[in-house]
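So you know, we letter chains A, B, ... as the sequences are listed, proteins then strands, and number each from 1. Being a predicted model, the structure only gives us computed values, none of them experimental.
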There are 2 protein chains.
Amino acid sequence: MKISKRGEYALRALIDIGIAQELGRELVQINELAQQERLPIKFLEQILTQLKEAGYVDSKRGKLGGYFLAKPMKKIKFGAVIRLIDGPLAPISCVSVTAYERCTCPDEAHCGLRMLMLDVRNSIAAILDRYTLADTVEVTLRKMRRDKVALPFLGGILRAQLPAPLEFVKQNAKSKRKTK
Amino acid sequence: MKISKRGEYALRALIDIGIAQELGRELVQINELAQQERLPIKFLEQILTQLKEAGYVDSKRGKLGGYFLAKPMKKIKFGAVIRLIDGPLAPISCVSVTAYERCTCPDEAHCGLRMLMLDVRNSIAAILDRYTLADTVEVTLRKMRRDKVALPFLGGILRAQLPAPLEFVKQNAKSKRKTK
DNA sequence: CTTATGTTGACCGCTCCAGTAGACAAAAGA
DNA sequence: TCTTTTGTCTACTGGAGCGGTCAACATAAG
């Protein structure tokens, strides 16, 4: 019942961009995203491209470039994003609403497995199709403030103009190699 | 959020064996299972072996052999079977109860994704860890009887002693080839 | 023109899924 | 005892997809 790393990273990136935006930052660079969540930068890039094609984010190129949300946070539902990246939410495709496919069982109407999995798919969808990026960003920020944790993406636009000490990221990529 | 074919077939097989047992049949042959659900027989065999190792089914060899449940249907929970075959129910492993693993995010306590996925995992587990094979078999049989559908695995032991017209199965295996 | 960013596309190693094949062991019946 | 019918065990495999990496290029700011 897992979602793929690809899907997971997509959601992390969206949430981070959302938080940054909520904190007054209009652009987030891929370096920052990768650093914040400790993700492989090039892989994340592919994912952001996919999110861009689907209209969730947009980007600005060149120096001082970066990514930003292409639609209001209230309109970004997690279910839709996961469907985009990972396919249907349903555990088996004969209970998928958005991508139904017949299965091999002789009689769907009296298939015990189908009844069960339909329940599962509905309760997954009930959550993922209800909550939006706006909800999650709001809750997250509230919790962070309540616990007085340092907020990420501080400093607004100013920080983007700093010399950017990004050695971390490059090191990160290499340090993951194992002694084979 | 899919479960694997392996997991799906395991559940189908268990439900079928359960139905057969409820109808007074104490043994079900793998041929019948494969035929009923139209599954590749040799693949199903591997899965049944795995279910046997885990103590869900047991088997009798030789002529008039077959598979049967090794524990009461009330004690077979779908969640446990899926965990056995497919691993944790949780969409991401940092919200798994049975197989927790730390993720890369800097602060789990304030991770928006984690909060969301914890909800998802709990509502999946609420269903799959609650319902047992007994529940599903009962509901399925009631529906079949209500709609006056022909019951599978009829005839008790008698049928197992018939000459067994199993050409279907062999043909089935070949007919799935596609014109490449 | 330099430098920092995003863009594109090719590539890749590996694992796992889904399934196949074949020889073998046990049990029942002739 | 021999045959037939079942399950058991082991090995293998094609293909897909996951989780990345790399190099070359386009764009924009200073």
Side-chain angles (χ1 to χ4, degrees), chain A residues 2-10 13 17 27-35 38-53 57-68 85-87 104 157 160-167 169-170 172-178 180, chain B residues 2-10 13 17 27-35 38-53 57-68 85-87 104 157 160-166 169-170 172-174 176-178 180:
Chain A
K2 286 235 185 311
I3 72 173
S4 66
K5 288 291 174 191
R6 201 183 179 87
E8 182 189 330
Y9 296 173
I17 298 175
L27 236 45
V28 188
Q29 293 179 352
I30 197 170
N31 291 302
E32 300 177 87
L33 291 172
Q35 196 177 343
R38 310 202 334 242
L39 310 180
I41 193 166
K42 283 304 208 173
F43 189 35
L44 181 58
E45 186 192 295
Q46 288 176 23
I47 297 164
L48 285 169
T49 301
Q50 195 175 351
L51 289 175
K52 184 179 172 184
E53 280 168 6
V57 302
D58 204 349
S59 61
K60 193 181 168 227
R61 298 170 72 140
K63 215 168 179 175
L64 303 191
Y67 290 89
F68 55 95
I85 309 266
D86 277 1
T104 62
I157 324 160
Q161 292 171 337
L162 292 178
L166 292 180
E167 313 305 327
V169 179
K170 287 173 188 170
N172 181 24
K174 289 191 178 174
S175 67
K176 287 188 76 172
R177 294 187 189 285
K178 294 173 186 175
K180 183 186 175 186
Chain B
K2 286 236 186 310
I3 71 172
S4 68
K5 287 293 174 193
R6 201 182 179 88
E8 181 188 330
Y9 296 171
I17 298 175
L27 276 169
V28 190
Q29 295 177 354
I30 198 170
N31 291 301
E32 300 176 86
L33 291 172
Q35 197 175 345
R38 291 156 47 205
L39 310 179
I41 192 168
K42 281 304 208 174
F43 188 34
L44 181 57
E45 183 195 296
Q46 290 178 20
I47 296 164
L48 284 169
T49 301
Q50 196 174 350
L51 289 175
K52 185 180 170 181
E53 281 168 4
V57 302
D58 204 347
S59 60
K60 191 179 169 234
R61 299 169 73 138
K63 215 169 179 174
L64 303 191
Y67 290 89
F68 56 96
I85 310 265
D86 277 2
T104 63
I157 324 158
Q161 292 171 337
L162 291 178
L166 293 179
V169 179
K170 288 173 187 171
N172 180 24
K174 290 192 177 173
K176 287 188 76 174
R177 295 187 189 283
K178 294 173 186 174
K180 183 184 177 188

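- When the C1' atom of D/dT8 is taken as reference, atom CD1 of B/Ile47 falls 15 Å away, rounded to whole Å.
- For the helix from C/dC1-D/dG30 to C/dA30-D/dT1, the end axes, each set by the C1' atoms of five terminal pairs, are bent relative to each other by 0° (nearest 10°).
- A straight line from NZ of B/Lys5 to C1' of C/dT20 spans 18 Å, rounded to a whole angstrom.
- Not counting sequence neighbours, the partners of B/Lys52 by the side-chain contact (heavy atoms from CB on, under 4.5 Å) test are B/Val57, B/Asp58, B/Ser59.
- Between B/Ser4 and B/Ile85, the closest heavy-atom pair is OG-CG2, 4.5 Å.
- For the pair B/Leu27 CG and C/dA27 C1', the interatomic distance rounds to 12 Å; values are reported in whole Å.
- Atoms CG (B/Asp58) and P (C/dA26) sit 15 Å apart, rounded to a whole Å.
- Take B/Lys60 and apply the salt bridge (Lys or Arg N to Asp or Glu O under 4.0 Å) test, not counting sequence neighbours, and it matches no residue.
- The minimum heavy-atom distance linking A/Thr104 with B/Leu39 is given by the pair OG1-CD2, 3.9 Å.
- Counting to the nearest Å, the P atom of C/dC16 and the CD1 atom of B/Ile85 are 16 Å from each other.
- The CD atom of B/Gln35 lies 9.0 Å from the CD1 atom of B/Ile41; values are rounded to the nearest 0.5 Å.
- In this structure, B/Leu39 places its CG atom 15 Å from C1' of C/dC17, rounding to the nearest Å.
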Could you list the donor-acceptor pairs under 3.5 angstrom formed between side-chain atoms of residues 44-51 of chain A and any protein atom two or more places apart in sequence or on another chain?
from, atom 1, to, atom 2, distance (Å)
A/Glu45, OE1, A/Lys42, NZ, 3.3
A/Thr49, OG1, A/Glu45, O, 2.9
A/Gln50, OE1, A/Arg6, NE, 3.0
A/Gln50, OE1, A/Arg6, NH2, 3.0

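- Closest to the side chain of A/Lys63, out of D/dT4, C/dT3, C/dA18, is C/dT3.
- Scanning for ring pair (Phe, Tyr, Trp, His ring centres under 6.0 Å) contacts around B/Phe68 gives an empty result, with sequence neighbours left out.
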Pair A/Leu27-A/Leu64, side-chain contact (heavy atoms from CB on, under 4.5 Å): steps then yes or no: CA-CA 8 Å; A/Leu27 236 45; A/Leu64 303 191; 5.7 Å; no

Give each protein N/O atom lying under 3.5 Å from an N/O atom of nucleotides 6-10 of chain C, with the pair distance.
from, atom 1, to, atom 2, distance (Å)
C/dG6, OP1, A/Ile30, N, 3.1
C/dG6, O3', A/Ser59, OG, 3.4
C/dT7, OP1, A/Lys52, NZ, 2.7
C/dT7, OP1, A/Ser59, OG, 2.7
C/dT7, OP2, A/Tyr67, OH, 2.7
C/dT8, O4, A/Glu45, OE2, 3.0

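- Note: NZ (A/Lys2) to P (D/dG19) measures 11 Å, nearest angstrom.
- Between the CZ atom of A/Arg6 and the C1' atom of D/dA16 there is a distance of 14 Å, given to the nearest Å.
- In this structure, A/Glu8 CD and A/Asp86 CG are separated by 10.0 Å, a value rounded to the nearest 0.5 Å.
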